[in-house]
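Remember, it's 1-based here, ligands and their atoms both numbered in the order they're listed. Only this structure's heavy atoms are used, side chains among them; waters, hydrogens and symmetry mates stay out.
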Amino acid sequence: MAKSGLVQIAMAAAASLLMAACVTPWPPTDTPKTADAPPPLTIDRLPADFVHNGGEPRSADTIDMIVIHTIGGPLCEAGEIRFAEIGGSAVFWRDWFLDQDDKSIHYVIGRDGAIAQQRPDLRTAGHVSFHGVRENVNRRSIGIELVNDGDGKDPFPPAQIEAVTALVKKLSADYGLGPEDVFSHSELDPRRLEGCGDNYRRVDPGPLFPMTDLKAALAD
Ligand SMILES: [Zn+2]
């Protein structure tokens, strides 16, 4: 999905964020956490008066699916599958999606667990292009992108898993959803990757993503 130039930009962005993170404000203002306190769900949202050019307004009762993606995915080059290395923060990729005409997403979650919102929940986003498994997926779903290579080998750090779990729990509570309403992108798009034999076009979020644990957390 990402071109190599973009990946380099993303990695540069990640490096500069890392450097910025080294400048720790002092004294610390956070209060101590208790051992059992859940991580706070902090979402970087666009300003309330931000004008969204794409998508359509929708009511809360039309939302009955959550779809999990990874930013990276299989690229077919001269008959060979290749995966790009995906750097960059949640905000970097949220801003990248804002510049795309043909794809959009509700939330992006970084490797560090930071969450950025691109589209409001009550506006459709274009993140699934196949509608033969479930109809009107983009009209009825909330899409979440994880910053990850999407090759099935790149691990999801614990902070990212904690963040996606907390976000999906919140969305499930907000819209009355259950474990059966959470989907991998790959299960919604069974098409093969053109020019690359039997390889699938979409494999995200892949075997390392703890989908069973995520669904179990919703049943708590
Ligand atoms: Zn996807």
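Here E56 pairs with R139 in a salt bridge; the nearest charged N to carboxylate O distance falls below 4.0 Å. A salt bridge does not link K153 to D149: none of the charged side-chain nitrogens sits closer than 4.0 Å to a carboxylate oxygen.
Restricting H185 to its N/O/S atoms, the shortest distance to the Zn ion (ligand 1) is reached by ND1. Checked against the Zn ion (ligand 1), the N, O or S atom of H69 at the shortest distance is ND1. Of all the N, O or S atoms in D204, the one closest to the Zn ion (ligand 1) is OD2.
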For R140 and I63, what are the C-alpha separation, side-chain angles and deciding distance, and is it a side chain to side chain contact (heavy atoms under 4.5 Å, CB included)?
-> CA-CA 5 Å; R140 59 198 282 194; I63 298 172; over 6 Å; no

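H52 meets the side-chain contact (heavy atoms from CB on, under 4.5 Å) test with L46, F50, R119, P120, R123; sequence neighbours excluded.
Residue side and main chain included, H127 places no N/O/S atom under 2.8 Å of the Zn ion (ligand 1).
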